Amino acid sequence: MASYLGSKASNVRGVISFVVILLTTGWLISIKSAESRTTTKFHQPESNCRKHSALITEYGGVGDGVTSNTKAFRSAVYDLSRVARHGGAQLIVPPGKWLTGSFNLTSHFTLYLDKDAVLLASQDESEWPALPPLPSYGKGRDAPAGRFASLIFGTNLTDVVITGANGTIDGQGSYWWKKFKKGELNLTRPYLIEIMFSHHVQIFNLTIKNSPSWNVHPVYCRNVIVQGLTILAPTDSPNTDGIDPDSCKNVRIEDCFIVSGDDCIAVKSGWDEYGIRFGRPTKHLLIRRITCISPDSATIALGSEMSGGIKDVRAEDITAIDTESGVRIKTSPGRGGYVKDIFVRRMNLQTMKYVFWITGNYGSHPDKLYDPKALPVIKNINYRNVVAKNVTMAANLDGIEGDKFTGICISNVNISLAKKAKKLQWNCTDVEGVTGDVSPPACALLPEKNADCPFPQDRLSIEDVPLKVCPPFRTTQYRV
Ligand SMILES: *[C@@H]1O[C@H](CO)[C@@H](O)[C@H](O)[C@H]1NC(C)=O
Ligand SMILES: *[C@@H]1O[C@H](CO)[C@@H](O)[C@H](O)[C@H]1NC(C)=O
Ligand SMILES: *[C@@H]1O[C@H](CO)[C@@H](O)[C@H](O)[C@H]1NC(C)=O
Ligand SMILES: *[C@@H]1O[C@H](CO)[C@@H](O)[C@H](O)[C@H]1NC(C)=O
Ligand SMILES: *[C@@H]1O[C@H](CO)[C@@H](O)[C@H](O)[C@H]1NC(C)=O
Ligand SMILES: *[C@@H]1O[C@H](CO)[C@@H](O)[C@H](O)[C@H]1NC(C)=O
Ligand SMILES: *[C@@H]1O[C@H](CO)[C@@H](O)[C@H](O)[C@H]1NC(C)=O
Ligand SMILES: *[C@@H]1O[C@H](CO)[C@@H](O)[C@H](O)[C@H]1NC(C)=O
């Protein structure tokens with residue numbers, strides 16, 4: 001605190017609220033500014049801790065679950081944004097229930113949710129500003145006009161961290177799910193976290209639940225780490241994707257546990273003619289140590305919006321239980337773009353409808369302007385070391401007529417079937433590739449060739465980026 005105040009005499013509001021809090025309530029606030037131990041580290045983006053710290057209570061925040069804290073969050077970030085470029089700033093949310101609408105983040109900034117801190121998303125639509133549709137989508141997904149800003153939103157930022165001691169973000173989504181199901185939305189539902197046009201983004205050690213729609217959406221970003229998230233939504237909630245890396249490069253997603261009503265991870269890059277024109281792929285993406293439960297959706301989906309292209313995706317050590325499919329490709333004529341150089345190894349699947357699923361006729365277009373001759377290129381798709389139990393159907397692989405999906409390689413796969421398994425285990429159309437040591441044996445279009453499907457040996461640069469973990473703030477450091 002001392003350095004927060006000391007470094008910014010012009011920070012009148014912060015000083016006043018600090019003094020008011022001290023005078024009126026006598027709360028003891030002794031937040032240690034995150035020390036910059038060496039001055040040489042001061043301006044380096046890899047420097048872990050933030051020089052300036054503030055509590056949401058210093059901006060009038062009330063953690064009673066009823067009072068709106070939208071203004072408190074907005075003014076806290078606004079205030080901290082003025083000191084953040086000088087050593088970084090951190091906003092701490094202590095234990096409590098903090099009701100809030102949408103607010104924006106700033107650069108060189110950490111939002112820290114302490115243990116037992118819960119951000120409750122407001123159900124008052126006036127607390128959610130409207131944004132235009134994403135340029136690579138052209139239209140809002142629920143309603144064409146546009147979309148509500150996400151609960152936690154940031155654009156054109158660098159060095160942003162959203163973390164805590166496993167604090168919670170609760171989207172209170174039932175309000176939005178009901179409106180969506182009744183067709184009453186004239187803007188697309190908000191997401192919980194969306195960071196756009198940004199780099200050096202880290203989101204870790206949080207529980208995120210009941211999102212109105214998608215949970216975590218990095219879009220047009222690079223250098224992104226998502227780690228240690230517990231994401232929970234009812235399995236019948238609409239479009240509650242876990243994590244959607246979208247037109248991003250150099251991304252690492254790891255150690256997450258996701259229960260959801262839609263794909264646990266959905267890799268995207270724009271929608272039909274808008275995505276083709278915008279032309280930003282998702283590439284160099286590593287997904288590892290993920291556990292997924294999603295009875296009606298995929299563990300990892302590639303698409304269906306993939307018009308900017310998806311390439312160099314590596315997924316390993318993937319566990320799924322009672323999930324519709326493993327790694328699924330979804331595309332359609334009109335999408336254009338590509339899905340290529342996909343590598344998957346070590347999947348452990350229990351109770352699955354389809355272990356392998358590729359869909360070339362997914363449909364779902366933003367409008368009628370799409371070009372049906374814009375055909376996606378799907379090639380070099382590799383899966384190895386897969387164990388699956390209680391499976392209804394091994395594979396449903398459906399390319400596009402006149403646009404074969406090629407270079408599909410599947411090796412070392414052991415599938416045990418459910419009691420009510422399909423008679424036809426491998427259904428393949430318009431695909432081409434090879435298999436090796438696959439049981440039950442694959443279709444004629446994927447002949448047994450003793451294939452040993454590759455997984456890249458090199459490291460992605462994002463694998464070597466450390467998390468910005470600061471010494472945890474303990475509740476003994478402040479009393480609220
Ligand atoms: C957040 O940023 C977006 C994009 O710049 C802007 O439209 C929106 O009004 C901002 N929200 C707030 C609460 O300032
Ligand atoms: C954010 O970055 C994008 C892409 O570089 C740019 O088009 C846009 O104008 C920027 N927005 C702001 C508010 O700086
Ligand atoms: C995550 O939070 C837990 C619980 O507070 C803590 O023990 C752990 O160190 C945190 N991990 C990271 C990477 O910050
Ligand atoms: C975080 O909280 C969730 C939900 O309470 C729990 O399941 C998970 O194990 C916790 N994660 C860590 C790292 O403490
Ligand atoms: C949005 O939809 C509601 C009905 O759900 C309607 O009352 C309202 O006028 C609409 N707002 C706009 C801006 O179209
Ligand atoms: C096997 O899958 C069926 C659904 O296909 C499910 O009802 C059953 O509980 C599963 N059995 C086990 C042992 O997981
Ligand atoms: C495949 O799994 C079944 C059931 O778990 C097991 O009995 C069998 O030995 C396995 N086969 C291979 C080739 O690993
Ligand atoms: C196999 O795939 C084709 C093409 O998608 C489809 O028409 C057919 O119904 C499928 N058969 C089974 C048994 O699923």
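If you're wondering where the values come from, they're calculated on a predicted model, not measured in any experiment. Just follow the structure's listing: the first ligand is 1, and inside any ligand the first atom is 1. Here, residue 1 is the first one in the sequence, and each next residue gets the next number.
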I need the nearest protein heavy-atom contact for [atom]: residue, atom name and distance, please.
atom	result
atom 1 (C) of ligand 6	N390 ND2, 1.5 Å
atom 5 (O) of ligand 6	T392 OG1, 4.3 Å
atom 2 (O) of ligand 4	N166 ND2, 2.4 Å
atom 7 (O) of ligand 2	F197 CZ, 4.9 Å

Establish whether atom 11 (N) of ligand 4 and some protein heavy atom are separated by less than 4.0 angstrom.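 It does: a protein heavy atom is found less than 4.0 Å away from atom 11 (N) of ligand 4.
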
Protein non-hydrogen atom found under 4.0 Å from atom 14 (O) of ligand 4: yes

[Y] backbone acceptor or donor facing [X] side chain under 3.5 Å:
X	Y	answer
R384	S411	no
Q425	T392	yes
T235	P295	no
S247	R280	yes

Reference residue I203; test side-chain contact (heavy atoms from CB on, under 4.5 Å); the match among V160, V161, V216: V216

Using a 4.0 Å heavy-atom threshold (strictly under), name the region of K420 that reaches ligand 6: side chain, backbone, both or neither. neither

Between Y220 and F197, is a ring pair (Phe, Tyr, Trp, His ring centres under 6.0 Å) present by the stated rule, with each step listed? CA-CA 5 Å; Y220 324 130; F197 292 121; 4.8 Å; yes

Counting only heavy atoms not in K340, do more than 12 fall under 6.0 Å of its NZ? yes

Could you please spell out the steps behind the ring pair (Phe, Tyr, Trp, His ring centres under 6.0 Å) verdict for Y191 and W214? CA-CA 5 Å; Y191 306 144; W214 301 354; 4.6 Å; yes

Can you list the ligand 6 atoms lying under 4.0 Å from a non-hydrogen atom of Q350?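 Counting from 1, the qualifying ligand atoms are 14 (O).
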
Would you mind listing which atoms of ligand 6 come within a distance below 4.0 Å of any non-hydrogen atom of T351? 1 (C), 2 (O), 10 (C), 14 (O)

With respect to T230, determine whether any N or O atom, backbone or side chain, lies less than 3.5 Å from an N or O atom of ligand 4.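 Among all N and O atoms of T230, none is under 3.5 Å from an N or O of ligand 4.
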
Below 3.5 Å, N or O to N or O, backbone or side chain included: is there any such pair between N205 and ligand 4? no

Give the atoms of ligand 4, by number and element, whose distance to some non-hydrogen atom of T207 is under 4.0 Å.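 Reading through ligand 4 atom by atom, the close ones are 1 (C), 2 (O), 3 (C), 4 (C).
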
Ring centres under 6.0 Å, that's the criterion: do W98 and F73 meet it?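 No - the distance between ring centres of W98 and F73 does not fall below the 6.0 Å cut-off.
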
Under 4.0 Å from a heavy atom of N156: give me the atoms of ligand 2 that qualify, with their elements.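 Atoms satisfying the 4.0 Å criterion: 1 (C), 2 (O), 3 (C), 8 (C), 10 (C), 11 (N), 12 (C), 14 (O).
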
